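None of these values were measured; they are calculated from a predicted model. Numbers restart at 1 for each chain; the letters A, B, ... are given by sequence-line order, proteins then strands. Atoms considered below: every heavy atom in the structure, side chains included; atoms not considered: hydrogens, waters and symmetry mates.
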There are 2 protein chains.
Amino acid sequence: MELSDSNASAIAERFKALGEPMRLRLLQALRAGECSVGDLAERTGGGQANVSKHLQVLLQQGYVDRRKEGTTSWYRITDPQVFTMCELVCGGLEEELDRKRKLLRRRKP
Amino acid sequence: MELSDSNASAIAERFKALGEPMRLRLLQALRAGECSVGDLAERTGGGQANVSKHLQVLLQQGYVDRRKEGTTSWYRITDPQVFTMCELVCGGLEEELDRKRKLLRRRKP
DNA sequence: TTCTTATATTACCAGATAGTTGTGTAGCGA
DNA sequence: TCGCTACACAACTATCTGGTAATATAAGAA
């Protein structure tokens, strides 16, 4: 798929959904397996409403799936490839840190 | 690298930098090779100041690098792995579209 | 029914962000 | 020197977004 103007927005939306610390923490928590909203609120230290709202974003972008059981909503990762992306970006982060360390060393020899 | 609370923000910043259509278009334009700000403004149809500002974001996150020559700034991709990420997210996008198409079919049989 | 639990939704506010306009700055040719 | 070009930066505005509090919904227990 090429990055045409029309789908640049759709791709950006998917990246934007991952561009939030709380949502990354939610995905990280879900890595252990299916969780309820309450579980996730406890694990991430977030408020119930806030966690629920962030989960809607992840749900809409298809990163997670939902299963209802009584009054409980169980969320789970739909596509583990999201962690491949995290690892890629982590690799870039390492390189970026190295680059910045070198710049600092060059400025303060 | 694990997704601890401390670096969740750093990782999110890197995703957030890609969560903008104009910045994706800039990267796409740079895929052809080194470009000046003027080139990029023309290719993306953005204003000079806006393009320059978005380039700072990509520069700070280490996605692009800059080389100055006279009054011209030449930008280029530093890490082509960003396109691997785009392809991953595009794959997810395809699956997501399929999923939504199936949902529509289920609702309107 | 009434109470409790679990989640979603709404309204609101403070802070962030994209885009534009105008200005500053640096290099270069006339 | 005086423009002219290319870019960066600051200020401003409209819009968006994260967090919270309050409310709505819905299921089950008492």
Side-chain angles (χ1 to χ4, degrees), chain A residues 5-6 8-30 33-76 103, chain B residues 5-6 8-30 33-76 103:
Chain A
D5 291 358
S6 62
S9 296
I11 301 172
E13 283 301 308
R14 285 184 69 82
F15 277 123
K16 198 187 292 181
L18 301 180
E20 233 290 323
M22 171 60 85
R23 287 197 284 267
L24 290 180
R25 289 204 299 271
L26 289 171
L27 290 172
Q28 173 73 2
L30 285 169
E34 211 175 33
C35 290
S36 68
V37 178
D39 292 342
L40 292 169
E42 192 181 357
R43 291 191 192 196
T44 61
Q48 177 265 323
N50 196 28
V51 166
S52 179
K53 211 161 67 169
H54 282 299
L55 285 170
Q56 304 315 305
V57 177
L58 294 173
L59 185 64
Q60 206 206 330
Q61 289 300 321
Y63 287 118
V64 302
D65 201 355
R66 180 174 55 187
R67 174 176 70 86
K68 296 208 175 189
E69 191 182 60
T71 66
T72 305
S73 286
W74 295 96
Y75 285 87
R76 60 184 169 83
L103 281 177
Chain B
D5 290 358
S6 61
S9 297
I11 301 173
E13 284 300 308
R14 287 184 66 83
F15 277 123
K16 198 187 292 182
L18 301 180
E20 232 290 323
M22 171 61 84
R23 288 198 283 268
L24 290 181
R25 290 204 299 269
L26 289 171
L27 290 172
Q28 173 73 3
L30 285 168
E34 211 176 33
C35 290
S36 69
V37 178
D39 291 342
L40 292 168
E42 193 181 357
R43 291 190 192 197
T44 60
Q48 177 265 321
N50 196 28
V51 166
S52 178
K53 211 162 67 170
H54 282 299
L55 285 170
Q56 305 313 306
V57 177
L58 294 174
L59 184 64
Q60 205 206 332
Q61 289 300 322
Y63 287 119
V64 302
D65 202 355
R66 182 173 54 186
R67 171 176 72 87
K68 295 210 177 187
E69 191 184 59
T71 64
T72 306
S73 285
W74 294 97
Y75 285 86
R76 61 185 170 80
L103 281 177

How many whole angstroms separate atom [atom1] of [X] from atom [atom2] of [N]?
{"X": "B:Glu42", "N": "D:dC7", "atom1": "CD", "atom2": "C1'", "result": "16 Å"}
{"X": "A:Glu13", "N": "C:dT17", "atom1": "CD", "atom2": "C1'", "result": "14 Å"}
{"X": "A:Asn50", "N": "C:dC12", "atom1": "CG", "atom2": "C1'", "result": "14 Å"}
{"X": "B:Leu55", "N": "C:dG19", "atom1": "CG", "atom2": "P", "result": "12 Å"}
{"X": "B:Trp74", "N": "D:dA6", "atom1": "CH2", "atom2": "C1'", "result": "11 Å"}
{"X": "B:Arg67", "N": "D:dA8", "atom1": "CZ", "atom2": "P", "result": "14 Å"}
{"X": "B:Lys68", "N": "C:dT25", "atom1": "NZ", "atom2": "C1'", "result": "10 Å"}
{"X": "B:Glu20", "N": "C:dA16", "atom1": "CD", "atom2": "C1'", "result": "13 Å"}

Looking at [N], I'd like to know if its phosphate oxygens (OP1 or OP2) sit under 4.0 Å from a side-chain N or O belonging to [X].
{"X": "B:Ser73", "N": "D:dC7", "answer": "no"}
{"X": "A:Arg66", "N": "C:dT7", "answer": "no"}
{"X": "B:Lys16", "N": "C:dA16", "answer": "no"}
{"X": "A:His54", "N": "D:dT17", "answer": "no"}
{"X": "B:Ser36", "N": "D:dC7", "answer": "yes"}
{"X": "A:Tyr75", "N": "C:dA8", "answer": "yes"}

- Nearest-nucleotide pick for B:Ala49, side chain only, options being C:dA26, D:dT17, C:dG22: C:dG22
- Evaluate whether atom CD of B:Gln56 has more than 12 neighbouring non-hydrogen atoms of other residues, nucleotides or ligands under 6.0 angstrom away. yes
- With nearest nucleotides of DNA chain C determined for A:Gln56 and B:Gly46 from heavy-atom distances, which residue corresponds to the more 5′ nucleotide? A:Gln56
- Note on the structure: Assert: residue with more 5' nearest nucleotide on DNA chain C, out of A:Lys53 and A:Thr72, is A:Thr72
- Item | SB check B:Glu34 B:Arg67 (cutoff 4.0 Å) | yes
- Does NZ or CZ of B:Arg23 lie under 6.0 Å from the centre of the six-membered ring of B:Tyr63, at an angle within 45° of the ring axis? no
- Message: On DNA chain D, compare the nucleotides closest to A:Val57 and A:Thr71; which residue's is nearer the 5' end?
- Response: A:Val57
- Heavy atoms under 4.0 Å, any strand shown: does B:Gln48 hit a base, just sugar-phosphate, or nothing? base
- Item | Distance (rounded to the nearest 0.5 Å) between A:Ser73 OG and A:Arg66 CZ | 5.5 Å
- Side chains of A:Lys16 and B:Lys16: closer than 4.5 Å at any heavy-atom pair? no
